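Input: a single structure, listed below in C-alpha cells.
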There are 2 protein chains.
Amino acid sequence: MLEAKLAEAGTLKKLLDSIKELVTDANFECNEEGLNLQAMDNSHVALVAVHLEAAGFKRYRCDRPMPLGVNLSSLTKVLKCAKDDDECTLKAADEADVLNLVYEAKNSDRIAEYDMKLMDIDSDTLGIPDTDYDAEIKMPSAEFARIVRDLSALGESVRIEVSKEGVRFASEGESANGSILLKKEGEIPPVKTDKERKAEKARARGEKPEEDEDEENDGDDEKPKEKKVKKEKVKKEKDADEDVEMDEDEKDEEEFKPNSDDEGEKSEPEEEDDEEEESGKKRKKKANGSSKPAKKAKTAKGKGKAKKEEENQPYFEFGMNSHVSLTFSLKYLVNFSKSTSLTNMVELRMSNEVPLLVDYDFGQGFVRYYLAPKIGDE
Amino acid sequence: MLEAKLAEAGTLKKLLDSIKELVTDANFECNEEGLNLQAMDNSHVALVAVHLEAAGFKRYRCDRPMPLGVNLSSLTKVLKCAKDDDECTLKAADEADVLNLVYEAKNSDRIAEYDMKLMDIDSDTLGIPDTDYDAEIKMPSAEFARIVRDLSALGESVRIEVSKEGVRFASEGESANGSILLKKEGEIPPVKTDKERKAEKARARGEKPEEDEDEENDGDDEKPKEKKVKKEKVKKEKDADEDVEMDEDEKDEEEFKPNSDDEGEKSEPEEEDDEEEESGKKRKKKANGSSKPAKKAKTAKGKGKAKKEEENQPYFEFGMNSHVSLTFSLKYLVNFSKSTSLTNMVELRMSNEVPLLVDYDFGQGFVRYYLAPKIGDE
DNA sequence: GCTGACCGGT
DNA sequence: ACCGGTCAGC
C-alpha cells in the first residue's frame, strides 16, 4: 500500500496543472523511492516524466511498487478541493481501484477526504536513458516561458542554437522574424557532468558539500571533453566503475531515445537517476555524495558551481561542448513552460538530432519534458 | 536610414494598442523631426494622427524622410515581445522592406531582435490644418473614458454641449437617457491661443519660463485667428507680432479639415512645434511664460494656466468662445479612449459643424483623433 | 470559416 | 492584471 503525505497540496496542484493539458491519463508508479509518472503526450510527440521523491514527502511509505492509473483531469478536479497549504495525504491499498486523498488544513480541524476512481492504463513505460548532452542552458523559468511565448506569436518553430556567443532562440514567421540572444559573458564551459549536477543539487538541498575541494583535486577541471564531454566521462567511469547497477536503469530504455549514444552511458544513470528517478536504491547514497569525487570529476566539469549561488536567485548558466542547433515546435515548448510555477529555474539540455530535455527541478522532484527536434523543413 | 532608440518600449506598445483597432495599416512617416502617422480609420469616418518627436527618443537619426508602411497588427505582435521597460531601437535602411526592432533589457545580456516586413501603402497624407476651436475641454483622460463608456451603454450617440454652465455629455437610448454635466466654477474663459498652448506644453516639459513677460513683449501670440476666440486674442497680439514662422505647419492642410477657418492661424504652429518638434529655438522662451499676465488676460484666456500646475495631476479646464453643441458616435469615442493609458489628460476641442479633436498629448508626442459630428438625426 | 473585440473568471 | 472563452463581424 501507499501512504504519502505532502506538506503542501499546492505542489501537487501546480504539478498537475502543468501537465494535464499534455497528458490526460497516466500511471503514477509508486515505489519506495517515490512517485513517478511517464507518458507520451496525447499526440505522441512529446514525453513527460514526473518524479516526486520519497524524501520530499512529510511521510512516505510504499510497501511495494504499484501503478496508480489516474485520469489527470479527475485528479485535477479533486485537487482543486484542497487549499494550497493543506497537508495532503495520498493513500491507496494494494489492489485498490481508488486513490484516497485527505486534506488537512494546517492549524485547523478541517479534514477533507476524497476518493478518486483509478483506472487501468497500459503503461508502456518507456525507458528514458540518461544521456549526455552537448549543450545545456540553465535559466530563469520565467525567462524561458517569455521567450517561447513571444516567439510563438510569430511562427510555429524556434531554432535554438548554442554557440560561443551564447544561446539564440530564433523564429521565422510570415510577417516577422525574431531572434533572442542570451549572451554569455566569458567562455562557455563544457557541460556539467552528472556528478557535478548531483553535487549542486545536494548543495541546493542544503547538504554539506564536504568535498568540494576534492573534486578539484581530482582534476575535475580536467581535460576537457573533446566532444560530448559526458560520454567520455562515462566511459572512464565505466571502466573503473561499478557497472553493477547499470542494468537497473537500462531495462526499458528503448522506446524514447533522447540520445543515440546511450549504450555507453549506462553507468551514468546511477548518478542522475539515482536520486530522483528510478532505481535510486543503492545509487542514492553515492548520488548524494557529492563526494564521490575523484573519478567523476576528471572528465569534464570544472565550472558550474561557481555561479550556482542561490537556488532561488534566477540566473543564467550555460554549458557547451560543441555547437548545437535544433528546431522545435513552439506549441510544445509553450506548453512545457506551464511548469514555470513549480520552480524559478529551468534547464534545457540538447545535442544535435536528439530530443531536447526541458527540466523543471523543484525541491521535491522534477518534471521533465522531452521533445524531438524537427528535421529538415517540416 | 532611420535609427530611433526609445527608452521604454512600453510607450510604443501603448500607442499601438490604442490605435490598432482603428487602423490596420499605415505609413509611419519618418523625418528629422520624428515619426508621424496619419490615417483614416478603417471605415473612413475618423482620422488618427500620431506624432513621436525626435527629442522624445533617447537617440534619433533620420537622414531623409521615408515612409514605413506598417501593418499595425504585425507591429503589435512584435512589440508584445518587448518588455515595457526594454529599450527599443527601430531601424530601417533607406529602401528597406523590413523594419528592424531591437529590444535590450535594462541591466541584462538579453538582446531580442525582430525584423518585421514592411508594405507599400498609398499614403494620401491628409493635411490636418491647425485650427481654432470655439470650445475646448481639458480633462482627466480616465474621466473622459468613463463618460463615453457609461453613455455607450445607453445609446449610440452623445451630444457634447459646451455652454456657460459647463460641459454636458448627453445620450439618449431606448430604455434610458443619460446626461453628465461637468460644471465649471466661475466664468469659462475663451479658448487658449496656440501660443498659450505651446507655453503650457513647454512648462509641462519643465522648461524655464524665464521670459514670461517678454512673450507679451514680442507679441508672440501672433496675429492669428480672426474668428473664434483665439482670434480675438490673436488680433491683439497679432499687431505686435512676428509672422515669421507661420508657414511651417500649414503646408498640407487641405484633405481633412477639422475647421474651416484655418487660413488665419499659420503663425501658430511655430509655437507648437518649435519647442519640441522642430525649431524650438526662439519660441521656447516666450512660450514658457506661464506668467505672461497682462496682455493675455485681456483677450480671452486668463484662466487656463492657473490650474495647469502638475501635468500629472488630473484636473478640468474649459475654454469657450461661443456655445457649442455637437453630436458624435459613441462607438468611436469609446475607441479613442483606449489612449487613456498614454497620459492622464485628454483635450477635446470643438467648433460647431467641425470635426471634434480628441488630443492625447504625452511627453514624447501625441495621438490625435478627429471625428466628424453627426448631422441631423443620423 | 476565420479573425478580432468584448466580457468574465482566476 | 492577465488569460481564456464567447460572440460578432468580415
Side-chain angles (χ1 to χ4, degrees), chain A residues 9-22 24 72-73 76-86 140-156 173-176 330-342 344, chain B residues 8-11 13-26 39-46 48 70-86 117 119 141-142 145-156 173 329-342 344 369:
Chain A
T11 305
L12 205 47
K13 293 174 72 169
K14 280 183 277 185
L15 202 159
L16 264 290
D17 278 345
S18 67
I19 65 171
K20 71 167 191 289
E21 190 173 329
L22 225 39
T24 57
L72 299 193
S73 66
T76 302
K77 272 183 201 156
V78 173
L79 283 170
K80 280 207 196 309
C81 304
K83 292 172 131 177
D84 282 1
D85 62 349
D86 282 352
S141 52
E143 188 76 22
F144 176 65
R146 172 75 198 228
I147 289 170
V148 297
R149 191 162 27 84
D150 282 355
L151 293 180
S152 69
L154 305 181
E156 306 264 298
E174 303 201 344
S175 57
L330 279 163
K331 172 182 152 202
Y332 284 93
L333 299 184
V334 168
N335 208 316
F336 298 168
S337 69
K338 286 186 176 169
S339 292
T340 298
S341 60
L342 283 166
N344 59 6
Chain B
E8 310 251 331
T11 305
K13 294 174 71 170
K14 281 183 276 184
L15 201 156
L16 264 290
D17 277 346
S18 67
I19 65 170
K20 71 165 193 293
E21 189 175 330
L22 225 39
V23 180
T24 57
D25 302 294
M40 296 299 293
D41 81 293
N42 296 327
S43 49
H44 243 249
V45 171
V48 188
V70 171
N71 172 281
L72 299 194
S73 68
S74 295
L75 180 53
T76 302
K77 265 185 204 161
V78 172
L79 284 171
K80 277 203 200 310
C81 302
K83 291 174 150 170
D84 282 0
D85 62 349
D86 282 349
K117 287 195 183 59
M119 54 201 294
S141 53
R146 174 70 199 236
I147 289 171
V148 297
R149 192 161 28 85
D150 284 353
L151 293 180
S152 70
L154 306 181
E156 305 266 298
S329 158
L330 278 162
K331 173 183 152 200
Y332 284 92
L333 299 184
V334 168
N335 208 316
F336 298 167
S337 70
K338 286 187 175 170
S339 291
T340 298
S341 59
L342 284 167
N344 59 6
Y369 301 95

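Here is how names work: the chains are called A, B, and so on, in the same order as the sequence lines, proteins then strands, and each is numbered from 1. All figures in this text were calculated on a predicted structure; none of them were measured in a lab.
Counting heavy atoms of neighbouring residues, nucleotides and ligands inside a 6.0 Å radius, atom CD of A/Glu156 does not exceed 12 of them. Atom CZ of B/Arg146 has 12 or fewer neighbouring heavy atoms from other residues, nucleotides or ligands inside a 6.0 Å radius. Annotation for B/Lys117: atom NZ counts as buried by contact number, over 12 foreign heavy atoms lying within 6.0 Å.
With rounding to whole Å, B/Arg149 atom CZ is found 18 Å from C/dA5 atom P. Atom CG of B/Leu22 is separated from atom C1' of C/dA5 by 13 Å (rounded to the nearest Å). One atom, CG of B/Asp41, and another, P of D/dG9, lie 17 Å apart when rounded to the nearest Å. A straight line from CD1 of B/Ile19 to P of C/dA5 spans 13 Å, rounded to a whole angstrom. Put simply, CG on B/Asn335 is 9 Å from P on C/dA5, counting in whole angstrom units. One interatomic measurement links the two molecules: NZ of B/Lys20 to C1' of C/dA5, which rounds to 10 Å at whole-angstrom precision. If you take NZ of B/Lys80 and C1' of D/dA1, they are 13 Å apart, rounded to a whole angstrom. As a whole-Å value, the separation of B/Asp25 CG from C/dG4 C1' is 15 Å.
Remark: A/Lys20 engages A/Asp17, A/Leu72, A/Thr76 in a side chain to side chain contact (heavy atoms under 4.5 Å, CB included) (not counting sequence neighbours). Residues forming a side chain to side chain contact (heavy atoms under 4.5 Å, CB included) with A/Asn335 (at least two apart in sequence, or on another chain): A/Glu21, A/Leu22, A/Lys338.
Residues B/Ala145 and B/Thr340 share a closest heavy-atom pair of CB-OG1, 3.6 Å.
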Check: protein-nucleotides 6-10 of chain C nitrogen or oxygen pairs below 3.5 Å:
| unit_1 | atom_1 | unit_2 | atom_2 | d |
| --- | --- | --- | --- | --- |
| C/dC6 | OP2 | B/Glu21 | OE1 | 3.4 |

